[in-house]
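Got a structure here, written out as structure tokens. Questions coming.
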Amino acid sequence: MRARIAAAAAAAGRRAEDVTLVAVSKMHPEAAIRAALAAGQKHFGENRMQEAMEKFPDLKAGHPDLRLHLIGTLQTNKARQAVRLADVIESLDRPRLAEAIARAIDEEGRTPALLVEVNVAEEPQKSGVARSAADAFIEACRQRFAEALRGLMCIPPAGRDPAPHFAWLAACAARHGLPALSMGMSADFEAAIAHGATHVRVGTAIFGPRG
Ligand SMILES: *Cc1c(COP(=O)(O)O)cnc(C)c1O
């Protein structure tokens with residue numbers, strides 16, 4: 001995986017160090033995560049708060065440099081748990097969640113990095129702020145969270161060419177002066193790196209199929 005990331009970065013004239021591999025460990029047991037940690041992997045992604053709460057408090061206690069990314073839809077009533085446990089919340093996508101996260105940051109005295117998730121193809125079943133509403137929402141989050149707002153995340157439609165969506169997200173981040181771009185999964189991370197991804201979220205290609 002690291003060799004493929006390095007090759008994709010080199011092909012794009014980028015440095016491999018500028019692409020962070022987030023190993024998506026959802027539905028995989030703690031043992032698989034421990035094996036990845038032993039191999040030097042530091043960033044992990046989970047999409048459900050409940051599962052993250054079951055697996056990660058112990059892992060983080062034993063590995064202070066582990067970084068947990070929450071990449072799934074976050075319910076407002078889980079915002080406080082998320083702020084307590086996550087190092088990066090990649091799924092900030094609506095004003096009520098922004099309010100809940102802001103309140104949790106005050107209460108917990110801890111500030112994870114935040115990414116705004118954009119529904120780049122405006123698919124009705126997907127979370128993320130609609131692409132047409134993204135600029136206004138990003139600006140509001142910038143006002144509220146300042147430097148904690150680090151960048152953007154997207155999950156393009158399956159089975160179609162993701163490149164135009166990656167390009168759109170990169171341009172949107174540049175327009176807002178945001179440094180982080182989380183895009184690309186097992187099937188398309190190389191294309192995402194070509195379009196400037198700083199974080200790729202890879203599950204299946206690392207851990208194998210999910211049970
Ligand atoms: C599951 C998941 C991934 C990883 O997908 P793979 O195809 O297994 O690499 C990436 N991002 C999000 C948001 C996910 O839910």
Side-chain angles (χ1 to χ4, degrees), residues 1-5 7-9 19-30 32-33 35-36 39 41-56 66-75 78-79 82 85-94 97 101 112-131 134 150-163 165-166 168-170 172-173 180-211:
M1 186 52 50
R2 300 211 164 273
R4 284 176 67 188
I5 289 172
V19 181
T20 298
L21 171 59
V22 179
V24 178
S25 50
K26 65 184 183 200
M27 296 173 73
H28 290 285
E30 217 179 289
I33 300 167
Q41 179 61 31
K42 304 228 180 312
H43 291 254
F44 292 87
E46 288 284 338
N47 71 334
R48 289 175 53 242
M49 196 59 233
Q50 169 91 33
E51 187 177 346
M53 289 291 291
E54 283 161 16
K55 295 194 295 197
F56 276 87
L66 190 165
R67 295 288 174 266
L68 176 64
H69 296 237
L70 278 181
I71 60 174
T73 312
L74 183 58
Q75 291 169 265
K78 303 271 172 63
L85 184 66
D87 300 289
V88 186
I89 297 175
E90 300 203 9
S91 46
L92 171 53
D93 66 351
R94 56 197 193 278
L97 181 60
I101 289 174
L114 302 171
L115 306 188
V116 165
E117 178 180 358
V118 182
N119 186 351
V120 281
E122 306 209 352
E123 295 172 276
Q125 80 285 10
K126 267 201 189 144
S127 53
V129 59
R131 165 176 164 148
R150 302 286 304 160
L152 307 180
M153 181 272 233
C154 76
I155 310 168
R160 278 190 268 155
D161 179 11
H165 298 296
F166 292 154
W168 186 90
L169 199 74
C172 185
L181 264 181
S182 173
M183 54 189 199
M185 315 192 341
S186 291
D188 57 13
F189 69 88
E190 282 143 329
I193 290 169
H195 284 90
T198 61
H199 294 74
V200 293
R201 310 178 308 270
V202 180
T204 313
I206 295 175
F207 294 111
R210 292 177 279 273

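Ligands are counted one by one from 1 in listed order, and the atoms in each one are counted from 1 as well. Heavy atoms only: backbone and side chains are in, while hydrogens, waters and symmetry mates are out. The model shown is predicted, which means the values in this text are computed figures rather than measured ones.
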Query raised in the report: Is there a donor-acceptor contact under 3.5 Å from the side chain of Lys55 to the main chain of Ser25?
Result: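 Judged by distance alone, yes, a pair lies under 3.5 Å.
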
Query raised in the report: Is it true that Glu190 and Arg4 have a side-chain N and a carboxylate O under 4.0 angstrom from each other?
Result: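 Counted as a salt bridge, because a side-chain N and a carboxylate O are separated by less than 4.0 Å.
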
Query raised in the report: Nearest protein heavy atom to atom 12 (C) of ligand 1, by residue and atom, and its distance?
Result: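 Looking at atom 12 (C) of ligand 1, the protein heavy atom closest to it is Ile71 CD1, 3.4 Å.
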
Query raised in the report: For ligand 1, which atoms have a heavy atom of Ile155 less than 4.0 angstrom away?
Result: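 This gives 13 (C) as the contact atoms.
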
Query raised in the report: Can you list the atoms of ligand 1 that are under 4.0 Å from a heavy atom of Arg210?
Result: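 That gives atoms 1 (C), 8 (O) of ligand 1.
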
Query raised in the report: Does an N or O anywhere in Gly203 fall below 3.5 Å from an N or O of ligand 1?
Result: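 Yes.
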
Report task. For Glu117 and Ser91, test the side chains for any donor-to-acceptor distance below 3.5 angstrom and give the result as yes or no. Result ->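 Side-chain D/A pair, Glu117 to Ser91: absent.
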
Report task. Can you figure out which of Arg201, Met185, Lys26 has its heavy atom closest to atom 14 (C) of ligand 1? Result ->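 The option holding the nearest heavy atom is Lys26.
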
Report task. Applying side-chain contact (heavy atoms from CB on, under 4.5 Å), name anything that partners Gln50, two or more places apart in sequence or on another chain. Result ->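 Residues passing side-chain contact (heavy atoms from CB on, under 4.5 Å) with Gln50: Arg48, Glu54.
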
Report task. State the atoms of ligand 1, each with its element, that fall below the 4.0 Å cut-off from a heavy-atom position in Val202. Result ->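 That gives atoms 9 (O) of ligand 1.
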
Report task. Could you grab the distance from atom CG of Leu114 to atom CG of Leu70, nearest 0.5 Å is fine? Result ->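 These two atoms lie 11.0 Å from each other.
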
Report task. Write out the residue and atom name of the closest protein heavy atom to atom 8 (O) of ligand 1, then the distance separating them to 0.1 Å. Result ->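 Looking only at protein heavy atoms, the one closest to atom 8 (O) of ligand 1 is Thr204 OG1, 2.5 Å.
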
Requested in this report: Look at atom 9 (O) of ligand 1 and say which protein heavy atom is nearest, naming residue and atom and giving the distance to 0.1 Å.
Outcome: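 Answer for atom 9 (O) of ligand 1: Ser186 OG, 2.5 Å.
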
Requested in this report: If the plane angle is over 60° it's perpendicular, under 30° parallel, otherwise tilted; pick one for Phe56 and Phe44.
Outcome: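 Because their plane-to-plane angle lies in the 30° to 60° range, the rings of Phe56 and Phe44 count as tilted.
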
